[in-house]
Amino acid sequence: MDRYAVIGNPVGHSLSPRIHEMFAEQTGEPMSYIALEAPVDGFAPFVNALHEEGYAGMNVTLPFKRDAWKLAERRSRRAELAGAVNTLIRTPTGYKGDNTDGAGLLADLIRNLNLELEGSHILLLGAGGAVRGALQPLLEAGPASLHIANRTASKAEALAGDFAELGPITGSGLEGPFERQYDIIINGTAASIEGKVPPLPDDILRGGGACYDMMYAKDGKTAFVEWGQAHGAGISCDGLGMLVEQAAESFYLWRDIRPGTRNVLKVLRS
Ligand code: ATR
């Protein structure tokens, strides 16, 4: 029985054990998956001890994604670009680091929500780790433009500069300047945690466009999801699908099997 865990602090609320349990049941893979809380200042020794115990892999969540990036013996290109690791894969001497968050976001947007990203105008709110991790896969999807707006404008501008070679990307503060309405607005700020929405012009979303919150809520209604509904969105969705899809991508890295996600998402929603 191969052992896996999600490591965070706090981690008690994590849905990952339930998700991976459902994946394991569905695929018949012999594995266990639990949530473990590491001390905030002691991530590396904690993970090294788990390696000694034989752990085959881990998911890493807040606040350790950067620590995991540092700890990894080597990293995938997408983890390198994200500057963060959410998936550790066992090697004989340690762990390889990968990042499945961006792939999870794209899978939810394209496969589950049927959004057309190619040729679209996308607005991304925030400039922290969550947004950085989404930039490479979003740009690879071929949008006509990708604008990052962040409370601290300089961070959005710096991020746009870092990824300028990968596609048409710009950055500004939350007050703009915005050159157009957007087809898709993705919220990657931590404002949702406080039940707030970043202040945005009322007409920033194209009529019938899509709003997506990288955070999720029990009832699916984050403050940003409700903002989208009140501002003419055709689709306004929280990030539960992204969570399930990033988990599926991690599962695939560990087990070389792609689990189905639709039923898992349905079960979690109910
Ligand atoms: P994460 O790694 O989860 O993305 P982070 O790196 O702490 O978290 O980034 C949080 C993001 O949410 C930042 O872009 C932050 O804006 P600043 O760069 O100006 O700090 C944004 N944020 C947090 N609270 C916010 C709020 N109340 N309104 C708007 N943006 C907020």
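Residues: numbered from 1 along the sequence shown. Bear in mind the structure is a predicted one, so any value in this text is a computation, not a measurement. Counting starts at 1 for both ligands and their atoms, following the listed order.
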Novice: Any nitrogen or oxygen of Lys196, side chain or backbone, less than 3.5 Å from one on ligand 1?
Specialist: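 For ligand 1, there is no N or O atom that lies under 3.5 Å from one belonging to Lys196.
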Novice: Do the ring planes of His147 and Phe178 sit parallel (below 30°), tilted (30 to 60°) or perpendicular (above 60°)?
Specialist: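 Correct class here is perpendicular.
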Novice: Return the minimal non-hydrogen interatomic distance between Thr100 and Gln246, and the atom names on each side.
Specialist: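 Of all heavy-atom pairs spanning Thr100 and Gln246, the closest is OG1-O, 3.0 Å.
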Novice: Polar contacts were defined as any N/O atom of the residue lying under 3.5 Å from an N/O atom of the ligand; does this apply to Val131 and ligand 1?
Specialist: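 No, there is no polar N/O contact under 3.5 Å.
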Novice: Minimum heavy-atom separation for Pro143 to Leu138, with atom names?
Specialist: CD-O, 3.2 Å
Novice: Got the closest protein heavy atom to atom 19 (O) of ligand 1, with its distance?
Specialist: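 Among all protein heavy atoms, the one nearest atom 19 (O) of ligand 1 is Thr152 OG1, 2.5 Å.
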Novice: I need the nearest protein heavy-atom contact for atom 5 (P) of ligand 1: residue, atom name and distance, please.
Specialist: Gly128 CA, 4.0 Å
Novice: Could you see which bit of Asn150 sits under 4.0 Å from ligand 1, with heavy atoms only: side chain, backbone, both or neither?
Specialist: side chain
Novice: Taking all atoms of both residues into account, what is the closest heavy-atom pair of Asn150 and Gly126, and its distance?
Specialist: OD1-CA, 3.3 Å
Novice: Which heavy atom of Val225 sits nearest to which heavy atom of Asp238, and what is that distance?
Specialist: CG2-N, 3.5 Å
Novice: For atom 12 (O) of ligand 1, state which one of Ser154, Ala190, Ala130, Ala134 supplies the nearest heavy atom.
Specialist: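 Looking at heavy atoms only, the winner is Ala190.
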Novice: Hey, can you tell me if Trp227 and His231 have their rings parallel, tilted or perpendicular (30° and 60° cut-offs)?
Specialist: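 Trp227 and His231: parallel rings.
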Novice: I need the nearest protein heavy-atom contact for atom 1 (P) of ligand 1: residue, atom name and distance, please.
Specialist: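 For atom 1 (P) of ligand 1, the nearest protein heavy atom comes out as Gly129 N, 3.7 Å.
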Novice: Near Ala127, which atoms of ligand 1 are under 4.0 Å from a heavy atom of that residue?
Specialist: 14 (O)
Novice: What atoms of ligand 1 come closer than 4.0 angstrom to any heavy atom of Gly126?
Specialist: 14 (O)
Novice: Judged by modelled atom types alone, do Asn59 and Ser250 share a side-chain donor-acceptor pair under 3.5 Å?
Specialist: yes
Novice: Can you confirm, on distance only, whether ligand 1 has an N/O atom lying under 3.5 Å from any N/O atom belonging to Leu174?
Specialist: no
Novice: If we count only non-hydrogen protein atoms and require a distance under 4.0 Å, does atom 28 (N) of ligand 1 qualify as touching the protein?
Specialist: yes
Novice: Any idea how Phe251 and Phe23 line up, ring-wise: parallel (<30°), tilted (30 to 60°), or perpendicular (>60°)?
Specialist: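 Perpendicular: the ring planes of Phe251 and Phe23 meet at over 60°.
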Novice: Just to be sure I read this right, does ligand 1 sit under 4.0 Å from the backbone of Lys155, its side chain, both, or neither, counting only heavy atoms?
Specialist: side chain
Novice: Return yes or no for this condition: an N or O of Arg151 is under 3.5 Å from an N or O of ligand 1.
Specialist: yes
Novice: Less than 3.5 Å apart, any donor N or O on the side chain of Glu245 or Thr261 sitting next to an acceptor on the other?
Specialist: yes
Novice: Where on Glu194 is there a heavy atom closer than 4.0 Å to ligand 1, on the side chain, on the backbone, on both, or on neither?
Specialist: side chain
